[in-house]
Number of protein chains: 2
Amino acid sequence: MNTLSPPSPSPHVPLSHQLAETIEEDIVTQRLPPGSKLDEVMLANRFQVSRTPIREALIQLASGGFVELRPRRGAIVTRADPHRLLEMFEVMAELEAYCGRLAARRANSGERQALLTAHVACEAASHAGDPDRYFYLNEHFHQTLYKLSHNSFLEEQARQLQKRLRPYRRLQLRVRRRTEQSYQEHQSIVEAIVSGNEDMAAQAIRAHIRIQGERFADLMASLQGG
Amino acid sequence: MNTLSPPSPSPHVPLSHQLAETIEEDIVTQRLPPGSKLDEVMLANRFQVSRTPIREALIQLASGGFVELRPRRGAIVTRADPHRLLEMFEVMAELEAYCGRLAARRANSGERQALLTAHVACEAASHAGDPDRYFYLNEHFHQTLYKLSHNSFLEEQARQLQKRLRPYRRLQLRVRRRTEQSYQEHQSIVEAIVSGNEDMAAQAIRAHIRIQGERFADLMASLQGG
DNA sequence: GGTATTCATCTTGTATACAAGAACTTTTAA
DNA sequence: TTAAAAGTTCTTGTATACAAGATGAATACC
């Protein structure tokens with residue numbers, strides 16, 4: 001037995017894992033909208049595999065909250081009702097606010113610079129009102145924030161929830177001048193963290209995330225009413 | 001060999017789900033300690049089922065963070081290193097603190113009474129220094145707290161993490177006079193929530209949870225050193 | 001005509017079969 | 001004696017087979 005070289009991570013990735021990632025991507029990008037039925041045979045044919053890895057992928061997705069497994073009645077893409085989404089945004093706001101607080105406390109100068117860089121990168125897309133590009137850069141900005149917390153578990157939790165809320169956040173940016181407003185909010189966040197103001201960082205982030213939940217609620221209400 | 005109780009017969013729930021619950025219970029109660037190898041054939045024999053539902057259960061457990069799936073090399077019970085656990089306790093502290101804040105803001109008088117009842121129930125076990133009984137009642141107290149947040153998503157997240165940290169919290173209560181101290185801390189929490197003092201509730205809970213993480217770190221350090 | 005019931009079909013849940021990589025054992029070379 | 005190499009066994013990953021509940025259609029009944 002060789003004790004010097006550590007066991008290298010197996011290069012082999014199970015099919016079910018790859019399938020889960022692919023299907024999850026289809027869900028968060030709305031190619032598979034909430035409520036879609038996920039027929040095992042259909043998916044098996046589509047990906048040219050047997051039902052076994054498909055089922056295993058669906059179980060992973062269910063554990064992540066992306067799909068709902070109804071015993072003996074198949075899987076559907078989770079459809080979150082507005083109230084549930086508000087709750088999720090509430091939790092997201094707290095998680096991110098805590099990331100910000102820790103970032104303000106723990107981030108070194110290089111990391112603060114990285115956050116600033118990620119922020120500046122958003123500027124052009126914001127002013128141009130390019131929601132797709134802004135969406136991408138915005139995600140990067142927030143993920144940078146998570147990393148600066150120096151708490152990898154918190155970072156993972158935040159990323160997971162970010163992904164889960166992705167379809168609903170995406171909608172927001174189509175609202176008039178939302179990208180510019182979002183960018184302004186980022187400005188306050190960056191200032192607070194760079195200057196090491198924990199409370200201000202937490203408060204700015206909380207407000208930033210909450211706005212999305214509330215806007216979503218408004219949107220849903222208007223759709224109900226119209 | 002240790003007898004792991006078979007899954008309870010429940011016709012409409014998939015086997016894999018029951019198996020996952022049973023195995024998870026064995027993990028959080030340390031009947032399957034961190035690092036244990038989870039051989040698929042062995043588990044299949046033990047539960048008198050085929051490997052298929054066993055594999056599906058393991059995937060669910062992996063998504064919940066209870067086991068680690070190493071491609072082509074089998075599953076083991078997750079062994080969290082001390083640093084990781086500190087991180088998890090940090091996040092738990094924030095989640096629960098937020099539960100407490102929302103509870104102080106939102107709970108009605110009946111709910112406040114329920115919390116008080118759950119608290120008082122802990123008293124006898126605390127003074128008797130009965131860690132097992134206190135552990136059970138303590139979990140109920142905290143779960144009541146989660147419910148009072150009036151945010152079911154937050155409640156679920158908190159319960160999940162509570163379960164995941166269970167093996168490590170359980171250790172704490174064996175420490176001398178820890179049950180009494182825990183009970184005292186609960187006292188401050190209850191007072192804050194009943195009186196509707198959000199900040200005090202959040203702060204008291206944060207401290208309460210943090211102590212566990214820090215005590216755990218101390219314990220690990222002493223084991224390392226000795 | 002509408003509703004309940006029975007039967008055929010389809011889909012899911014579990015078991016078994018087979019293929020391929022990992023672990024272990026034995027052999028061989030220095 | 002130690003270490004590398006080869007061969008064997010064992011375990012996991014995927015495919016297929018089969019059983020049982022769910023869906024839907026046709027029929028019987030009011």
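In what follows, chains are A, B, ... by sequence order, proteins preceding strands, each numbered from 1. Remember, it's a predicted structure, so these values are computed and weren't measured experimentally.
- In this entry the distance linking CD of A/Gln18 with P of D/dG13 reads 13 Å, nearest Å.
- For the side-chain hydrogen bond (donor to acceptor under 3.5 Å, both in side chains) test, residues two or more places apart in sequence or in another chain that qualify with B/Ser182 are B/Tyr134.
- Using a 4.0 Å cut-off between charged side-chain N and carboxylate O, B/Asp26 and B/Arg46 make no salt bridge.
- Between B/Glu156 and A/Arg84 there is a salt bridge, since a side-chain N of the basic residue sits under 4.0 Å from a carboxylate O of the acidic one.
- Residue A/Glu56 contributes atom CD, which lies 15 Å from atom P of D/dT16 at whole-angstrom precision.
- Here A/Phe216 pairs with A/Tyr168 under the ring-ring contact (aromatic ring centres under 6.0 Å, His included) rule; sequence neighbours left out.
- With sequence neighbours left out, B/Glu214 forms a salt bridge (charged side-chain N to carboxylate O under 4.0 Å, His left out) with no residue at all.
- Near-neighbour residues of DNA chain C inside residues 33-41 of chain A, defined by a heavy atom below 4.0 Å, number-ordered: A/Lys37, A/Asp39, A/Glu40.
- Listed by chain and number, the residues in a side-chain hydrogen bond (donor to acceptor under 3.5 Å, both in side chains) with B/His140 amount to none (sequence neighbours excluded).
- In terms of the salt bridge (charged side-chain N to carboxylate O under 4.0 Å, His left out) criterion, A/Asp39 has no residue partners (sequence neighbours excluded).
- For DNA chain C, none of the residues of residues 42-50 of chain A falls under the heavy-atom distance limit of 4.0 Å.
- Nucleotide D/dT14 holds its P atom 5 Å from the CG atom of A/Leu15, rounded to whole Å.
- B/Ile54 places its CD1 atom 9 Å from the P atom of C/dA15, with the value rounded to the nearest Å.
- Looking at residues two or more places apart in sequence or on another chain, you find a side-chain hydrogen bond (donor to acceptor under 3.5 Å, both in side chains) between B/Glu139 and B/Arg166, B/Arg169.
- Contacts of B/Arg51 classified as side-chain hydrogen bond (donor to acceptor under 3.5 Å, both in side chains), with partners at least two apart in sequence or in another chain: B/Glu40.
- Residues satisfying the salt bridge (charged side-chain N to carboxylate O under 4.0 Å, His left out) test with B/Arg79, not counting sequence neighbours, are none.
- With the nearest nucleotide of DNA chain D identified for both A/Arg51 and B/Arg51, B/Arg51 has the one nearer the 5' end.
- Qualifying salt bridge (charged side-chain N to carboxylate O under 4.0 Å, His left out) partners for A/Lys163, counting only residues two or more places apart in sequence or in other chains: A/Glu24.
- At least one side-chain nitrogen or oxygen of B/Arg55 sits closer than 4.0 Å to the OP1 or OP2 atom of D/dG13.
- A heavy-atom distance below 4.0 Å to DNA chain D is reached by these residues of residues 57-75 of chain A, ordered by number: A/Arg72, A/Arg73.
- Distance NE2 (A/His17) to C1' (D/dT14): 17 Å, rounded to an integer number of Å.
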